[in-house]
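Okay, so here's the structure we're looking at.
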Amino acid sequence: MSPTGPPPPATDPSAGTPPGPPAGPGRHTFRSVAPVLALCWLAVFFDGMDVNIYGAVMPHMLDDPGLGLTPGTAGTIGSWTTFGMLIGALGTGTLTDWLGRRPVLVASVLLFSAGSAVCALSGAPAPFGAGRFLAGLGLGGLMPLCLSLVMEFAPPRRAALATGLLMTSYHAGGMFATGLGLALAPALGWRWVFWAGVLPAVVAAPLLLRLLPESPGVLLAKGRTAEADAVADRYGMARPVPADAPAQGAKGRLAAILALFRPGARWATPLLWLASFCGLLLVYGVSTWLPQMMRAAGYGLTSSVSFLLIINAGGIVGMLIAGRTADRYGPVKVSALWFLLTAAGALLLGAHLPLGLTYVVVAVTGVWLFSAQVMVYAAAQRVYPAAERATGIGWVTGIGRTGAVAGPWLGGTLAATGNDQLGFTAFALAGLLGSFAIGLVPLARRIGRPAAVPAAPTSPSSAPLGAD
């Protein structure tokens with residue numbers, strides 16, 4: 001834990017918060033880092049709201065003759081969104097080690113808010129798609145940033161639970177978006193729901209800019225040691241050591257990417273990418289097309305949109321269960337099992353069950369579906385040490401975004417050809433493949449390790465966190 005002693009000198013505002021007295025041993029708890037977790041929770045809440053807005057109003061947009069949206073075009077636009085997310089995630093993991101976590105996070109919030117405003121103003125599919133692409137750039141950058149910050153600030157052996165708690169906000173945001181769709185779209189039109197997507201620029205961006213601390217590891221890498229120690233002391237963390245600091249400069253950025261294929265990670269990295277691909281195909285395919293698929297299966301419009309609300313409620317419960325379970329048994333085991341259960345749930349949704357039973361199946365499927373993907377991130381946190389974590393998670397989410405591109409496109413293609421029901425089978429297959437990929441990560445790590453690795457000094461934040 002952080003050493004005691006007189007507090008470091010005052011810092012400039014870019015450290016995020018003024019230093020307090022150094023925290024003594026045993027102070028690094030969820031309570032000590034609650035302000036950081038709360039701010040990241042708020043940011044991801046708006047991420048979930050923006051992602052789910054499109055699916056929540058999709059049936060109303062398809063029914064709007066003035067917009068000229070077809071199922072095929074809707075699926076393509078959904079893929080533009082996630083293609084923007086792919087670029088945002090890949091770029092952010094590298095930019096944030098250079099510019100800092102906080103400024104890039106605020107820029108991400110402003111980007112997806114601006115994209116929502118463009119969508120609200122659009123009168124044709126092309127400008128609407130441009131707005132969703134712009135929103136995707138911001139959304140793709142936000143998630144790996146918040147994940148890496150929470151993993152850095154959370155108590156080391158509670159990282160999976162912290163990750164699960166963070167991601168409950170995504171589903172709370174999804175539920176809020178669905179509520180907006182149900183409340184505003186029928187009476188006022190779908191554009192008002194997108195105007196609500198401008199709220200993050202007004203609410204979240206100022207709070208993040210004023211209150212969110214900068215990463216101690218990034219501050220140390222920039223030579224701002226006193227500020228790094230001050231932030232660590234304020235939140236009860238261990239003071240960062242050079243092993244926690246990301247390398248700087250162009251060579252450092254290249255080294256961070258090459259480190260994803262170092263011994264012990266070279267085979268695990270592509271498996272994490274494949275698992276993330278499957279998980280995000282499921283998350284974004286379901287978020288975009290579940291209401292329309294259920295409507296095609298014979299359910300009413302209101303019930304079909306309500307299923308999106310129910311599956312996100314199940315997602316919140318699933319995050320809490322998965323986080324606690326993964327801290328005990330390891331995120332790999334939990335993710336692999338959750339993917340299998342998701343596959344079973346997807347197949348059940350393809351059957352036309354009584355409405356009450358369908359609500360239960362949707363809720364239970366939500367418990368497994370979303371947290372299966374989040375536990376991939378928790379597994380990545382155990383593969384990559386602190387100095388490589390932002391880049392590693394950025395690439396896991398970024399490469400995974402190809403699945404987020406494929407999911408909405410696949411749903412739109414099937415809907416355009418009248419084969420909506422095949423979407424459930426496709427999602428089940430994605431669950432099976434995801435389970436296979438993440439389940440092989442421990443074996444891949446053992447195969448990739450050299451016969452003997454010299455011991456190196458570590459800090460508590462970069463030490464191994466137990467079994468996979």
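What you are looking at is a predicted structure, and each value in this text was computed from that prediction instead of being measured. Note: hydrogens, waters and symmetry copies are ignored here, and every other heavy atom, side chains too, is used.
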Heavy-atom side-chain proximity of [X] to [Y] below 4.5 angstrom:
| X | Y | result |
| --- | --- | --- |
| Y54 | I77 | yes |
| V106 | V109 | no |
| P103 | E214 | yes |
| P35 | L211 | no |
| L272 | W395 | no |

- Go through the steps for E152 and M237 under the test side chain to side chain contact (heavy atoms under 4.5 Å, CB included), then give the verdict. CA-CA 9 Å; E152 181 175 6; M237 303 161 62; 4.2 Å; yes

Indicate the atoms forming the closest heavy-atom contact of [X] with [Y], along with that distance.
| X | Y | value |
| --- | --- | --- |
| A196 | L180 | CB-CD1, 3.7 Å |
| A238 | A232 | O-CB, 3.7 Å |
| C146 | L105 | SG-CD1, 3.9 Å |
| T168 | L165 | OG1-O, 2.6 Å |
| V193 | G181 | CG2-CA, 4.2 Å |
| V376 | S335 | CG2-OG, 3.6 Å |

Atom [atom1] in [X], atom [atom2] in [Y]: separation rounded to 0.5 Å?
| X | Y | atom1 | atom2 | result |
| --- | --- | --- | --- | --- |
| F277 | L433 | CZ | CG | 8.0 Å |
| L69 | D63 | CG | CG | 10.5 Å |
| I321 | L161 | CD1 | CG | 12.0 Å |
| M151 | T163 | CE | OG1 | 3.5 Å |
| F153 | R101 | CZ | CZ | 9.5 Å |
| T178 | I53 | OG1 | CD1 | 9.5 Å |

- Apply side chain to side chain contact (heavy atoms under 4.5 Å, CB included) to the pair F370 and I311, showing each step before the final yes or no. CA-CA 9 Å; F370 299 103; I311 202 167; 4.0 Å; yes

- Message: Testing R324, M375, M167 one by one against M319 for a side-chain contact (heavy atoms from CB on, under 4.5 Å), which residue passes?
- Response: M167

- Task: Kindly indicate, with the supporting measurements, whether the criterion side chain to side chain contact (heavy atoms under 4.5 Å, CB included) is fulfilled by L149 and L212.
- Result: CA-CA 10 Å; L149 270 170; L212 186 70; 3.9 Å; yes

- Counting only N and O atoms by type, is there a donor-acceptor contact under 3.5 Å from the side chain of Y377 to the main-chain atoms of S276? no

- Task: Could you tell me whether a side-chain N or O of S435 sits under 3.5 Å from a main-chain N or O of L432, the two making a donor and an acceptor?
- Result: no

Run the side-chain donor-acceptor check on residues 338-350: report pairs under 3.5 Å with partners two or more places apart or on a different chain.
unit_1	atom_1	unit_2	atom_2	d
W338	NE1	S371	OG	2.9
T342	OG1	W338	O	2.9
T342	OG1	L369	N	3.2

- Task: Would you mind listing every side chain to side chain donor-acceptor pair (under 3.5 Å) that reaches into residues 184-195, with sequence neighbours excluded?
- Result: D64-W190

- Message: Can you pull out every side chain to side chain donor-acceptor pair (under 3.5 Å) where at least one residue sits in residues 109-129? Sequence neighbours excluded, please.
- Response: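 Qualifying pairs, neighbours excluded: none.
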
- Message: Going by the rule ring pair (Phe, Tyr, Trp, His ring centres under 6.0 Å), which residues pair with F45 if we only count those two or more places apart in sequence or in a different chain?
- Response: W41, F176

- Sequence neighbours excluded - ring pair (Phe, Tyr, Trp, His ring centres under 6.0 Å) pairs with any residue from residues 61-81: none

Would you tabulate the side-chain donor-acceptor contacts of residues 126-141 under 3.5 Å, counting partners in other chains and residues two or more places apart, or write 'none'?
unit_1	atom_1	unit_2	atom_2	d
R132	NH1	D50	OD1	3.0
R132	NH2	D50	O	3.3

- Query: Taking it one step at a time, do L142 and F46 satisfy side chain to side chain contact (heavy atoms under 4.5 Å, CB included)?
  - Reply: CA-CA 10 Å; L142 184 142; F46 284 119; over 6 Å; no

